[in-house]
Amino acid sequence: MKTYSIATIPGDGIGPEVTREARKILDAAGDAFGFALTWQEYPFGAEYYLKHRVGLPGGSLDELAGHDALLLGAIGDPRVPPGPLEHEILLTLRFHFDQYINLRPALSFPGVPLPVPLPDGQAIDAVIVRENTEDMYMGVGGSGRGSYHQDIAASRGRYTLTGGVDVTLPDGMESAFTLGMMTRGGVERVTKYAAELTRSRGEKGVTVVSKANAVPHLYGFWGMVVREVAAGYGDLEFTFVNVDAMCYLMPRRPTGWGVVLCPNLFGDIVSDLLSALAGGLGLAAAGNIGDGLSMFEPVHGSAPDIAGTGKATPLAAILSGALLLRHLGEGEAAAAVDKAVHSYLTSDLPKPVEQGGTASTSEAGDAVRRYLVK
Ligand code: NAD
Ligand code: IPM
Ligand code: MN
């Protein structure tokens with residue numbers, strides 16, 4: 001029997017609650033489709049960080065690299081100031097394994113209430129292709145008082161960036177900066193991915209999110225390289241929309257978007273907006289895809305406000321699991337998981353709390369399990 005080795009980092013807050021359900025469904029899919037998953041669970045997250053003062057211990061990245069895929073819950077905890085934990089674990093994983101695509105499909109399901117009702121017969125079927133390694137997420141920057149020098153360094157699969165920034169300011173004046181950067185190779189590969197995905201969906205248009213009007217160095221470069229790549233795809237039409245206009249247009253017309261190509265930061269923001277329009281963060285799946293280890297995780301975070309209450313929707317984690325199966329080459333099993341989620345959400349069974357129902361996290365997982373068939 002085919003066996004896959006899967007690493008899992010349940011993480012913080014609702015992360016363990018939703019990944020438990022995803023594992024349940026993926027194991028059931030293996031049983032139905034004739035493959036096995038061996039799970040290796042890693043305890044990384046806030047608890048581990050508070051104890052050991054490190055996000056990922058030495059050697060863990062090499063060990064993770066030996067698995068076929070990684071399923072992550074969520075990272076982030078109110079006991080740790082925002083930033084270090086997410087950076088040391090989540091972003092480090094994305095960068096180290098050069099997971100340059102963050103694929104975030106958004107589907108609406110009949111029976112799930114939406115904040116903006118759709119015209120009869122229409123559904124949301126969009127996918128955000130978010131660049132996942134560069135932009136404002138480079139992680140280089142600093143802060144100081146008066147004049148100071150800040151070394152900068154960032155390492156990616158494609159390059160190592162080193163240098164320094166000299167800040168000259170009046171004595172005593174505090175300042176902080178972050179360096180956003182993009183490379184031609186980084187923009188080219190994500191644009192090609194979005195173009196190929198658009199073709200494979202049988203669509204003609206790609207929406208490109210930008211903000212070259214206000215940040216011309218960074219997003220002007222983004223637009224220039226995207227346009228150059230686009231010239232090689234004469235069958236497709238690339239339409240540029242500024243991110244502010246995107247946040248205006250999407251709620252007014254939630255359908256018909258198809259592939260939405262975003263730089264890292266705007267992709268983060270537009271993902272949550274689109275997930276709200278499509279029925280909730282608890283339905284929004286994601287895959288961080290690269291040429292090495294790929295990582296699958298819900299779009300949502302650790303939701304400390306509902307952790308431990310059973311109110312978390314596990315469907316984003318389960319659908320991320322379906323993306324993981326597809327990545328392994330188990331396309332039929334992935335489609336069966338997608339279908340089971342669809343069947344559950346269109347059934348008469350109680351829906352999760354976020355979707356207006358009363359089902360607990362594990363009841364929602366069990367319901368998906370019931371509809372999972374070969
Ligand atoms: P969040 O996504 O955790 O929560 C935003 C809102 O959505 C909350 O009201 C929450 O209750 C709700 N929500 C999220 N997921 C849900 C689900 N599955 N079912 C029902 N409701 C759900 O975003 P936040 O509050 O900004 O972040 C909380 C923590 O998570 C922070 O530490 C943040 O850095 C971290 N975070 C981690 C990831 C990740 O690991 N991939 C992603 C986003 C945020
Ligand atoms: C996401 C999250 C992360 C991001 C945070 C936790 C660093 O919001 O996966 O969408 O901004 O990418
Ligand atoms: Mn986000």
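When a ligand or atom number is given, it counts from 1 through the structure's own listing order.
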Atom pairs, nitrogen or oxygen, ligand 1 to protein, under 3.5 angstrom:
from, atom 1, to, atom 2, distance (Å)
ligand 1, 2 (O), Gly301, N, 2.8
ligand 1, 3 (O), Gly301, N, 3.4
ligand 1, 3 (O), Ser302, N, 3.3
ligand 1, 3 (O), Ala303, N, 2.8
ligand 1, 9 (O), Asp305, OD2, 2.9
ligand 1, 11 (O), Asp305, OD1, 2.8
ligand 1, 11 (O), Asp305, OD2, 3.0
ligand 1, 18 (N), His300, NE2, 3.3
ligand 1, 18 (N), Thr313, O, 3.0
ligand 1, 19 (N), Thr313, N, 2.9
ligand 1, 30 (O), Ser302, N, 3.1
ligand 1, 30 (O), Ser302, OG, 3.1
ligand 1, 32 (O), Glu86, OE2, 3.0
ligand 1, 34 (O), Glu86, OE2, 2.5
ligand 1, 40 (O), Ile75, N, 2.8
ligand 1, 41 (N), Glu297, OE1, 2.8

TODO: Evaluate the side chain to side chain donor-acceptor pair (under 3.5 Å) criterion for residues Glu196 and Tyr233: first the C-alpha distance (whole Å), next the side-chain angles of each, then the deciding distance (0.1 Å), finally the verdict.
DONE: CA-CA 9 Å; Glu196 298 295 338; Tyr233 291 88; 2.8 Å; yes
- [ ] Apply salt bridge (Lys or Arg N to Asp or Glu O under 4.0 Å) to Asp338 and Arg326, showing your working.
- [x] CA-CA 11 Å; Asp338 285 341; Arg326 199 162 282 119; 2.9 Å; yes
TODO: Verify salt bridge (Lys or Arg N to Asp or Glu O under 4.0 Å) between Lys339 and Glu332, making sure each step is shown before the conclusion.
DONE: CA-CA 10 Å; Lys339 193 158 173 254; Glu332 281 182 34; over 6 Å; no
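Of the N and O atoms on the side chains of Glu131 and Thr133, at least one donor lies less than 3.5 Å from an acceptor on the other residue.
A donor-acceptor distance shorter than 3.5 angstrom exists from the side chain of Thr361 to the backbone of Gly310, with no hydrogens or angles considered.
Side-chain contact between Trp222 and Glu134 is absent, with no heavy atoms from C-beta onward closer than 4.5 Å. Side-chain atoms of Val187 and Met182, non-hydrogen and from C-beta on, do get closer than 4.5 Å to each other.
Residues lining ligand 2 at a heavy-atom distance below 4.0 Å are given as Glu86, Leu90, Arg94, Arg104, Arg130, Tyr137, Asp268, Val299, ordered by chain and residue number.
The number of protein N/O/S atoms found under 2.8 Å from the Mn ion (ligand 3) is 1.
For Glu17 and Lys311, the salt-bridge test fails: no basic side-chain N is under 4.0 Å from an acidic carboxylate O. Using a 4.0 Å cut-off between charged nitrogen and carboxylate oxygen, Asp98 and Arg189 count as a salt-bridge pair.
Counting non-hydrogen atoms of other residues, nucleotides and ligands closer than 6.0 Å to CG of Asp291 gives a total of 12 or fewer.
Cation-pi geometry between Arg227 and Phe240 is satisfied (NZ or CZ under 6.0 Å from the ring centre, within 45° of the ring normal).
Aromatic rings of Phe266 and Tyr219 (six-membered ring for Trp) have centroids within the 6.0 Å cut-off, being under it.
Residues meeting the salt bridge (Lys or Arg N to Asp or Glu O under 4.0 Å) test with Lys211, sequence neighbours left out: Asp244.
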